[in-house]
Number of protein chains: 2
Amino acid sequence: MNRPIQQRTLKTRARLLEAATEVISEAGYEALRVEQVVQRAGVAKGTFFAHFRDKDALMDQLIGARMDGFLDQIDRLPPPQSVDEIVAALMPLMSFMTCERYVFDLILRYSGAAARADIGPIAMTFERHGQSMARWLSGGPFRSDVSPALLAEGVQAFAIQAMALSFCALHADAPFQARLAEYLRAWLLPVSGGAGSGR
Amino acid sequence: MNRPIQQRTLKTRARLLEAATEVISEAGYEALRVEQVVQRAGVAKGTFFAHFRDKDALMDQLIGARMDGFLDQIDRLPPPQSVDEIVAALMPLMSFMTCERYVFDLILRYSGAAARADIGPIAMTFERHGQSMARWLSGGPFRSDVSPALLAEGVQAFAIQAMALSFCALHADAPFQARLAEYLRAWLLPVSGGAGSGR
DNA sequence: AATAATTATTGACCGCGGTCATTTTAGATG
DNA sequence: CATCTAAAATGACCGCGGTCAATAATTATT
């Protein structure tokens with residue numbers, strides 16, 4: 001029969017999360033070692049894995065929470081009326097997503113939930129981001145020949161492309177913001193239909 | 001002083017690559033263990049790492065080679081004249097890129113070279129793919145208000161988005177091809193410019 | 001309060017990628 | 001052929017994520 005969750009459990013989990021946050025703030029995400037976290041939290045290694053499926057699951061929690069904070073900021077903004085405003089609005093979130101190569105790679109891996117069962121925090125933020133984006137794009141001075149939902153997916157695709165290229169050895173020339181703005185202008189404000197010959 | 005490369009070296013590397021290929025064909029990419037590869041190749045573990053920086057570097061080689069094969073096929077095709085033809089042309093490559101979650105993640109990680117110094121085989125294929133794509137899109141019945149190079153980047157971004165969503169727990173509904181076709185129609189054949197009010 | 005049934009914690013242990021001081025081998029030199 | 005030297009190969013070792021049978025702590029039952 002389902003017994004209630006023990007307070008001990010909540011306390012231990014909180015201590016683990018706090019310890020992890022400390023380690024990250026001191027050394028960054030990539031440098032985090034599970035052993036270091038459990039040592040700080042004063043628990044055994046096995047306890048960690050009783051609370052988180054694996055190290056990535058902890059990262060999913062922590063990184064997802066940070067992303068959610070940036071989405072809160074975004075949702076407080078008035079709908080942007082230009083590509084430049086969109087880019088500006090997205091910048092804080094994007095900056096965080098690219099703060100470390102390790103973080104970006106992990107976000108990509110978890111952007112669509114790994115297993116069918118558990119959709120994690122990061123996957124949720126992508127969902128949320130898509131919805132906010134669709135809301136924005138349904139009202140503004142942007143193209144209307146495709147659905148706002150599709151426009152939003154495109155914005156996500158281009159944002160990821162721009163972020164990925166900012167890590168890229170080739171194409172390290174153009175700054176991230178300029179590239180994203182170029183993409184979004186072409187995506188959200190197309191000028192003509194067909195090629196040389198009219199349609 | 002620079003002595004010539006010993007034949008022993010080439011032979012050992014070839015044996016390692018062959019052994020790795022065998023293991024993969026039997027158990028898939030994700031299941032590959034370095035220890036198993038060196039055992040089959042009849043060399044010590046350390047030897048492996050004298051030939052490949054790490055396990056990922058081996059994967060970069062092998063996966064990059066496979067991708068290059070598919071690109072050869074693509075380059076033999078006549079320039080497609082519709083979105084459906086583009087999707088059809090890209091399918092074999094895409095299918096391989098998504099044959100395993102592990103493979104897709106690794107490709108993403110290596111799509112823009114990891115370190116500034118060494119651009120690996122996978123990164124090269126992305127470059128090549130972009131160029132082939134730009135060539136295709138500069139002639140056909142596609143939009144001409146942005147450069148073929150930019151169009152090509154968009155196709156890559158949408159292809160990656162479509163592949164990623166095919167692994168996604170949410171959005172596992174629409175089949176991969178249909179989604180990509182929808183993206184590319186919106187990207188390559190936009191109908192109007194602004195929203196409700198004309199521009 | 002004593003006992004039973006669950007749940008949480010522990011830490012020795014494992015798998016596997018990667019390292020490095022040491023040894024072996026290939027090939028140039030006298 | 002003997003000798004010397006740079007390159008290649010070796011395998012014991014390490015770091016670190018993750019497991020699991022055993023133990024401790026908590027809650028329900030009498």
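Naming convention: chains lettered A, B, ... in sequence-line order (proteins, then strands); numbering from 1 in each chain.
Between A:His51 and C:dA8 there is no side-chain polar atom (N or O) within less than 4.0 angstrom of OP1 or OP2. Phosphate contact (OP1/OP2 of D:dT27, side-chain N/O of A:Gln7, threshold under 4.0 Å): present. For B:Thr12, a side-chain nitrogen or oxygen approaches OP1 or OP2 of D:dA9 to under 4.0 Å.
A donor-acceptor pair under 3.5 Å links the side-chain atoms of B:Asp60 to the main chain of B:Ile122, judged by distance alone. Put simply, the side chain of A:Arg143 gets close to the backbone of B:Ala186: a donor and an acceptor are under 3.5 Å apart.
Among the nucleotides D:dA7, D:dT10, D:dG18, the one closest to the side chain of A:Asp54 is D:dG18. For A:Val43, whose side chain is taken as the heavy atoms from C-beta onward, the closest listed nucleotide among D:dG18, C:dG17, C:dT10 is C:dT10. In the set D:dT10, D:dG17, D:dA8, D:dA8 carries the atom at the smallest distance from any side-chain atom of B:Arg8.
Atom-to-atom, CZ of B:Arg15 to C1' of D:dA9 comes out at 11 Å; the value is rounded to the nearest Å. D:dG17 atom P lies 8 Å from atom CG of A:Leu32, rounded to whole Å. For the pair B:Arg53 CZ and C:dG18 P, the computed distance is 10 Å after rounding to whole Å. Counting to the nearest Å, the C1' atom of C:dT7 and the NZ atom of A:Lys11 are 18 Å from each other.
Each of A:Val34 and B:Thr47 has a nearest nucleotide on DNA chain D; the 5'-most of these lies closest to B:Thr47. Each of B:Gln6 and B:Glu35 has a nearest nucleotide on DNA chain C; the 5'-most of these lies closest to B:Glu35.
One cannot find a donor-acceptor pair under 3.5 Å joining the base of C:dG18 and the side-chain atoms of B:Lys55.
Rounded to the nearest 0.5 angstrom, B:Phe167 CZ and B:Leu165 CG are separated by 11.0 Å.
For the residue pair B:Gly130 and B:Ala152, the shortest heavy atom distance occurs at O-CB, 3.5 Å.
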